[in-house]
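Atoms within each ligand, like the ligands themselves, are counted from 1 in listed order. Here the structure is a predicted model, which is why all the values come from computation and not from measurement.
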Amino acid sequence: MEIKATSGKLENLRTKAVISFMFKEDKKFNEDIMTLDKLLNGSISLLKKEQKFVGDEGKFLVVPTFRKLKSEYVIIVGLGNRRRADLDTIRRAGAYIIRKAKELRIDKLAIDVKNLDGIKEKEYELAQALTEGIVLGDYRFDKYKTKKDESKIKEVDIRVSRRFKNISDERISIGKILAEAQNFARDIANEPANVITPQKLAEIAEELAKEYGFEVKIYDEEEIEKLGMNAYLSVAKGSANPPRFIHLTYKPKNPKKEIAIVGKGLTFDSGGLNIKPGDYMRWMKSDKSGACAVLGIFKAIGELKPNVTIHGVIAACENMPDGKSYRPDDIIKAKNGVTIEVGNTDAEGRLTLADALSYVSELKPDAIIDMATLTGACIVALGEYTAGVMGNNQKFIDEILDISEKTGEWMWQLPFNDKLREHIKAPNADVLNIGKTRYGGAIIGGLFLEKFVDPKIPWVHIDIAGPAHNTSGWYYHPPGATGFPVRTITNLILEESKK
Ligand code: BES
Ligand code: ZN
Ligand code: ZN
């Protein structure tokens, strides 16, 4: 799909559909639509009245032009309440437009973001958000379907003011890179565990490294053991698919900072000996979503080349029940020397992350971010659409929360406290991998990880158990893996690069 900025009069655009917006309860259309309405002898206003179209979000007014214009259709898209509209409103609209266009078999369209007063963002910001929504909303994971949806959009023009055309084209290309990187993460996360094994994840990292010139080091079982990563190794023991520890590095010429990103990479989580009941085991192929986000972010930075050194670390493995599995009550020593008593083999992600976080702490980066489908409790606390954010540095947490407001990747901070810290004390070791009660389970997970991070390094933990995967899909996310939070973390890296 080609997406580009254009300027000029709506009525002169050579395209199959001209698309414009309207906020809910706006008294009248903007001037440009009024002009089109005149050229169509008032049929836009007439249909608006007949169909009682008032601009509700996601609703469409589809007006055929019967050859009175160069385009076959004029389509007005509702944006909902003007007061509540922001960049994500436009991102969502992008996805809705693409779906509608496919339904109408339109492969060439022009979308007008000029004069969209009501959203305080600049036209080129709108152009980027619209691009993101279009590319994200157009995503399908249909490689295993014999019958595929053949409708394809070929060309999208985004109409802006002439003076913003060049910068809009730049921002459209950034939006495209971000959304395609997110789709790349979705593609890997959507693959089942019989396809994506830890070894396969390592191969994908190697391919990325080759394509973009990253350094990459893959550690096998023996090397993982030599590095003292016994917590991670314990989780991996029950699987026939051996673990792979992945370390990708992006090194620009003049780095302004060094950031480590860590992704939970359970290619499948059966629960292990504490096996999950069937309903809970479904979709556990997506327990590698944090790892997929790391790979997606690397794809984006390979394209955008920020001035920040980035380490991407994944302790990939599979959690399975077996004669060789680790057990409840096992006591294991993590890479940083902390001893862990296993309360439940289904709290495995934190064990793999314990060693991964110890490993990256030794690299002494300026900041550490981990992304993990860590706890069902986080979904209970915040719902399916919002990630839980925790960490050891309020400024860093706030920075990420601020960016997430712009990207539409909803995040909310969960508070650490000393009382819950007492809950992970183990009877026979330094720390237990579960809490004393079910309460505050997402925070318990975060507090466990805290034990493995160098306290001098600002660290943020993002529990993406809810938003990483959604069986119904929402907004610009088709059902399945979402690629959350690729855009937020890439934008953070881009911000650091500018500082
Ligand atoms: N991978 C799961 C968390 C999860 C649950 C992700 C639902 C996505 C959707 C994790 O490894 C897990 O099983 N956590 C346990 C922890 C418990 C044993 C302390 C949980 O949440 O029940
Ligand atoms: Zn688990
Ligand atoms: Zn898990």
Notebook entry, point to check: So which N/O/S atom does Asp287 have closest to the Zn ion (ligand 3)?
Noted result: OD2

Margin query: Looking at non-hydrogen atoms alone, which of Glu384, Arg350, Lys288 comes nearest to atom 16 (C) of ligand 1?
Written below: Arg350

Item checked: Test side-chain hydrogen bond (donor to acceptor under 3.5 Å, both in side chains) applied to Thr488 and Glu409, step by step -> CA-CA 7 Å; Thr488 300; Glu409 291 174 327; 2.4 Å; yes

Notebook entry, point to check: Is the distance between the Zn ion (ligand 2) and the nearest N/O/S atom of Asp346 smaller than 2.8 Å?
Noted result: yes

Checklist line | Atom name of the N, O or S atom in Asp269 that lies nearest to the Zn ion (ligand 2) | finding: OD2

Notebook entry, point to check: Are any of the N or O atoms of Asp346 closer than 3.5 Å to those of ligand 1?
Noted result: yes

Checklist line | ligand 1 N/O within reach of Thr375 N/O, cut-off under 3.5 Å | finding: no

Margin query: Looking at Lys148 and Asp142, is any side-chain nitrogen of the basic one under 4.0 Å from a carboxylate oxygen of the acidic one?
Written below: no

Checklist line | Interfacing atoms of ligand 1 (cut-off 4.0 Å, heavy-atom, Asp287) | finding: 1 (N)

Margin query: Please determine whether any non-hydrogen atom of Lys276 lies less than 4.0 Å from an atom of ligand 1.
Written below: yes

Check: Which atoms of ligand 1 are found less than 4.0 Å from any heavy atom of Asn344?
Finding: 18 (C)

Check: Is the backbone N or O of Asp220 less than 3.5 Å from a side-chain atom of Glu223, with the two atoms forming a donor-acceptor pair by type?
Finding: yes

Checklist line | For Thr373, atoms of ligand 1 separated by under 4.0 Å from a heavy atom | finding: 1 (N), 2 (C), 3 (C), 6 (C)

Next item on the list: Return a yes/no value for Met284: is any of its N or O atoms, backbone included, closer than 3.5 angstrom to an N or O of ligand 1?
Entry: no

Notebook entry, point to check: Are His423 and Tyr439 near enough that their ring centres are under 6.0 Å apart?
Noted result: no

Check: Can you list the atoms of ligand 1 that are under 4.0 Å from a heavy atom of Asp269?
Finding: 1 (N), 2 (C), 10 (C), 11 (O), 13 (O)

Checklist line | Identity of the N, O or S atom of Glu348 lying closest to the Zn ion (ligand 3) | finding: OE2

Checklist line | Pair Glu121-Lys406, salt bridge (charged side-chain N to carboxylate O under 4.0 Å, His left out): steps then yes or no | finding: CA-CA 10 Å; Glu121 247 64 49; Lys406 286 223 163 193; 3.1 Å; yes

Notebook entry, point to check: What are the atoms of ligand 1, with element, lying closer than 4.0 Å to any heavy atom of Ala465?
Noted result: 6 (C), 8 (C)

Margin query: If you take the centroid of each ring, where Trp contributes its six-membered ring, are Tyr96 and Tyr475 closer together than 6.0 Å?
Written below: no

Margin query: Please determine whether the number of non-hydrogen atoms from other residues, nucleotides or ligands lying under 6.0 Å from atom NZ of Lys100 exceeds 12.
Written below: yes

Checklist line | Whether Lys264 has an N, O or S atom under 2.8 Å from the Zn ion (ligand 3) | finding: yes

Notebook entry, point to check: Which atoms of ligand 1 have any heavy atom of Ile379 under 4.0 Å away?
Noted result: 7 (C), 9 (C)

Notebook entry, point to check: Relative to the heavy atoms of Ile434, which atoms of ligand 1 are at a distance of less than 4.0 Å?
Noted result: 19 (C)

